[in-house]
Asks: 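Below you'll find the structure I mean.
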Amino acid sequence: MRLAGKVALVTGAASGIGRAISRLFAQEGAAVVAADVKASEGEELIKEIERGGGRATFILADVSREDDVKGIIARAKESFGRLDIVVNNAGIGGPGYTWEQVIAVNLSGVYYGCLHALPLLREQGGGVIINISSIAGLTGARIPQVVGGYGHAYIAAKHGVIGLTRQFALDGAPEVRVNAICPGWVETPLTRLVWETPPLRDWVIQTTPLGRFARPEEIAKGALFLASDDSSFMTGAILVLDGGWTAY
Ligand code: NAP
């Protein structure tokens with residue numbers, strides 16, 4: 001119960017990495033405020049957490065809309081009386097998305113989350129923000145057949161998330177710690193095109209020294225470390241969980 005008594009807001013909580021983080025945080029004692037654009041999957045997550053004895057609530061929200069982000073932060077405090085942890089996780093990627101859409105969700109959404117959570121966390125005397133960047137925040141893309149116009153936006157947004165993490169870490173210190181996670185290839189609906197296409201799947205396995213995709217639960221464990229006091233002297237930092245992909 002490393003998060004007992006804490007309240008955590010997770011965006012993009014209905015699927016993949018956000019869902020795994022929400023489940024793990026609830027198991028560790030946090031009350032979870034789960035936000036997503038997918039209502040039925042979000043409500044199903046809440047039932048699952050409650051069946052396991054945890055506390056959680058779902059809020060339908062689009063992180064690319066600043067008012068929605070302000071709303072979920074306010075609702076988190078109303079629902080559980082306080083807010084301690086904010087995970088800016090919601091993200092999109094893949095063919096079919098425009099530059100504007102990817103920047104709005106993956107970069108502006110993280111900015112709004114940091115901007116509006118920081119004063120509340122500071123007012124309460126402390127807190128933690130975790131931003132989900134990517135290996136695409138550390139290098140250019142090497143994704144054969146997949147990179148189109150959206151790819152440049154994805155790379156720019158994920159690099160931008162690292163910049164926001166460093167700046168908000170300075171803004172939030174010493175009360176609020178702000179860190180980022182850079183996952184490598186994780187098997188989630190976001191990467192379905194890659195893991196369902198044999199040559200792409202093989203390419204990921206070959207270019208990842210650990211020889212496989214990550215499970216969302218492995219990224220959630222990193223988020224738990226950053227959310228808990230185990231990382232009490234860590235801020236403005238990047239936790240790379242990529243199976244060695246950026247070691248080349
Ligand atoms: P996922 O399974 O698609 O989950 C993301 C969730 O966020 C989905 O439910 C998605 O809904 C939701 N979402 C999309 N736009 C939103 C918005 N504007 N407001 C609120 N929620 C929104 O993806 P994932 O792989 O878990 O990705 C989570 C984060 O990790 C993203 O930031 C992603 O860029 C990052 N990441 C993923 C990988 C990977 O290999 N999977 C690697 C590095 C970083 P829809 O399904 O309707 O879009």
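For ligands, and for the atoms within them, numbers begin at 1 and follow the listed sequence. Atom set for the values below is all heavy atoms of this structure, side chains included, hydrogens, waters and symmetry mates excluded.
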Asks: Distance to 0.1 Å, residue and atom name: give those for the protein heavy atom nearest to atom 38 (C) of ligand 1.
Replies: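 Scanning the protein heavy atoms, the shortest distance from atom 38 (C) of ligand 1 goes to Gly184 O, 3.9 Å.
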Asks: Using distance alone, decide if ligand 1 has a nitrogen or oxygen within less than 3.5 Å of any nitrogen or oxygen in Lys38.
Replies: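 Yes; at least one N/O pair falls below 3.5 Å.
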Asks: Among all the protein's non-hydrogen atoms, which is closest to atom 30 (O) of ligand 1, and how far away is it?
Replies: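 The answer is Ile132 CG2, 3.3 Å.
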Asks: Would you call Ser108 and Ser64 a side-chain contact if the rule is heavy atoms closer than 4.5 Å?
Replies: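 Sidechains of Ser64 and Ser108: no contact.
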Asks: Decide whether the shortest distance between a heavy atom of Ser133 and an atom of ligand 1 is less than 4.0 Å.
Replies: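 It does; at least one heavy atom falls under 4.0 Å.
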Asks: Give me the residue, atom name and distance of the protein heavy atom closest to atom 5 (C) of ligand 1.
Replies: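 Sorting protein heavy atoms by distance from atom 5 (C) of ligand 1 puts Gly91 O, 3.9 Å first.
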Asks: Looking only at protein heavy atoms, identify the closest one to atom 18 (N) of ligand 1 and say how far it is in Å.
Replies: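 In this structure, atom 18 (N) of ligand 1 has Asp62 OD1, 2.8 Å as its nearest protein heavy atom.
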Asks: Do Gln206 and Asp202 get their side chains close enough for a donor-acceptor pair, meaning under 3.5 Å?
Replies: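 No, no side-chain donor-acceptor contact under 3.5 Å.
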Asks: Which is it for Lys158 and ligand 1 at heavy atoms under 4.0 Å: side chain, backbone, both or neither?
Replies: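 Just the side chain.
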Asks: Starting from atom 31 (C) of ligand 1, which protein heavy atom do you reach first, and at what distance in Å?
Replies: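 Going atom by atom, the protein heavy atom closest to atom 31 (C) of ligand 1 ends up being Asn89 O, 3.2 Å.
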Asks: For atom 27 (O) of ligand 1, which candidate among Ile59, Leu190, Ile72, Thr191 provides the closest heavy atom?
Replies: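 That would be Leu190.
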Asks: Quick check on contacts: which atoms of ligand 1 are under 4.0 angstrom from a heavy atom of Val105?
Replies: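 Per the distance check, 15 (N), 18 (N).
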Asks: Is there a donor-acceptor pair closer than 3.5 Å between any side-chain N or O of Asp36 and the backbone N or O of Ala14?
Replies: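 Yes.
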Asks: Heavy-atom contact under 4.0 Å between Ala61 and ligand 1?
Replies: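 Yes; Ala61 lies near enough to ligand 1 that a heavy-atom distance drops under 4.0 Å.
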Asks: Of the backbone atoms (N, CA, C, O) and the side-chain heavy atoms from C-beta on, which set of Val63 has a member under 4.0 Å from an atom of ligand 1: side chain, backbone, both, or neither?
Replies: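 Val63 to ligand 1: contacts from backbone and side chain alike.
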Asks: Can a donor-acceptor pair be found, under 3.5 Å and without considering hydrogens, that links the side chain of Thr191 to the backbone of Thr188?
Replies: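 The answer is yes, because a donor-acceptor pair under 3.5 Å joins these two groups.
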Asks: For atom 7 (O) of ligand 1, find the nearest protein heavy atom and state the residue, atom name and distance (0.1 Å precision).
Replies: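 Nearest protein contact, heavy atoms only, for atom 7 (O) of ligand 1 is Gly12 CA, 3.2 Å.
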Asks: With respect to Ile17, determine whether any N or O atom, backbone or side chain, lies less than 3.5 Å from an N or O atom of ligand 1.
Replies: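 Yes: some nitrogen or oxygen of Ile17 is under 3.5 Å from one in ligand 1.
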Asks: Which of these passes side chain to side chain contact (heavy atoms under 4.5 Å, CB included) with Phe168: Ile129, Leu115, Asn131, Val176?
Replies: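 It is Leu115, the one option of Ile129, Leu115, Asn131, Val176 that forms the side chain to side chain contact (heavy atoms under 4.5 Å, CB included) with Phe168.
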Asks: Do the side chains of Arg19 and Glu44 get nearer than 4.5 Å, heavy atoms only?
Replies: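 Touching, per the 4.5 Å side-chain cut-off.
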Asks: Can you tell me if Asn89 and Thr11 form a side-chain donor-acceptor pair at under 3.5 Å?
Replies: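 No, Thr11 and Asn89 have no side-chain donor paired with an acceptor closer than 3.5 Å.
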Asks: Any idea which protein heavy atom is nearest atom 14 (C) of ligand 1, and the distance to it?
Replies: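 So the nearest neighbour among protein heavy atoms is Ile92 CG2, 3.6 Å.
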Asks: Report yes or no: does Thr11 have a heavy atom closer than 4.0 Å to ligand 1?
Replies: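 Outside the 4.0 Å threshold, so no.
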Asks: Taking distance alone, with no angle check, do Val186 and ligand 1 share an N/O pair under 3.5 Å?
Replies: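 Between Val186 and ligand 1 (N or O atoms, distance only) the closest approach is under 3.5 Å.
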Asks: State, with a plain yes or no, whether a side-chain heavy atom of Trp245 is found less than 4.5 Å away from one of Thr207.
Replies: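 Yes, at least one pair of side-chain atoms sits under 4.5 Å.
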Asks: Does the residue Pro216 have a heavy-atom contact with ligand 1, meaning some pair of atoms that are separated by less than 4.0 Å?
Replies: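 The answer is no: ligand 1 sits nowhere under 4.0 Å from a heavy atom of Pro216.
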Asks: Do Arg166 and Leu170 pass the side-chain contact (heavy atoms from CB on, under 4.5 Å) test, and can you show the C-alpha distance, the side-chain angles, and the key distance before you say yes or no?
Replies: CA-CA 6 Å; Arg166 293 188 172 128; Leu170 299 181; 5.9 Å; no
Asks: Tell me whether Ser133 contacts the main-chain N or O of Lys158 through its side chain, where contact means a donor paired with an acceptor under 3.5 Å.
Replies: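 Answer holds: yes.
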Asks: Return the closest protein heavy atom for atom 34 (O) of ligand 1 as residue, atom name and distance.
Replies: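 Answer for atom 34 (O) of ligand 1: Tyr154 OH, 2.6 Å.
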Asks: Please check: side-chain N/O of Lys70 versus main-chain N/O of Gly113, any donor-acceptor pairing under 3.5 Å?
Replies: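 A pair under 3.5 Å: no.
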Asks: List the atom of Ile155, the atom of Thr139, and the distance in Å for their closest heavy-atom pair.
Replies: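 In terms of heavy atoms, the two residues are closest at CD1-O, 3.5 Å.
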Asks: Apply the test side-chain contact (heavy atoms from CB on, under 4.5 Å) to residues Ile181 and Ile130: give CA-CA distance (whole Å), side-chain angles for both, the deciding distance (0.1 Å), then the verdict.
Replies: CA-CA 7 Å; Ile181 298 178; Ile130 301 165; 4.1 Å; yes
Asks: Does any N/O atom on Thr188 come nearer than 3.5 Å to any N/O atom on ligand 1?
Replies: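 N/O-N/O distance below 3.5 Å exists for this pair.
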Asks: Which atoms of ligand 1 have any heavy atom of Trp185 under 4.0 Å away?
Replies: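 Once the distances to Trp185 are compared, the set is 40 (O).
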Asks: Looking at side-chain heavy atoms only, is the closest gap between Ile135 and Pro183 below 4.5 Å?
Replies: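 SC-SC contact between Ile135 and Pro183 ruled out.
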Asks: By number and element, which atoms of ligand 1 are closer than 4.0 Å to a non-hydrogen atom of Gly16?
Replies: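 Near Gly16, meaning under 4.0 Å from one of its heavy atoms, ligand 1 has 2 (O), 26 (O).
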Asks: Compute the minimum heavy-atom distance from Gly93 to ligand 1 and say whether it is under 4.0 Å.
Replies: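 Per 4.0 Å heavy-atom rule, Gly93 does not contact ligand 1.
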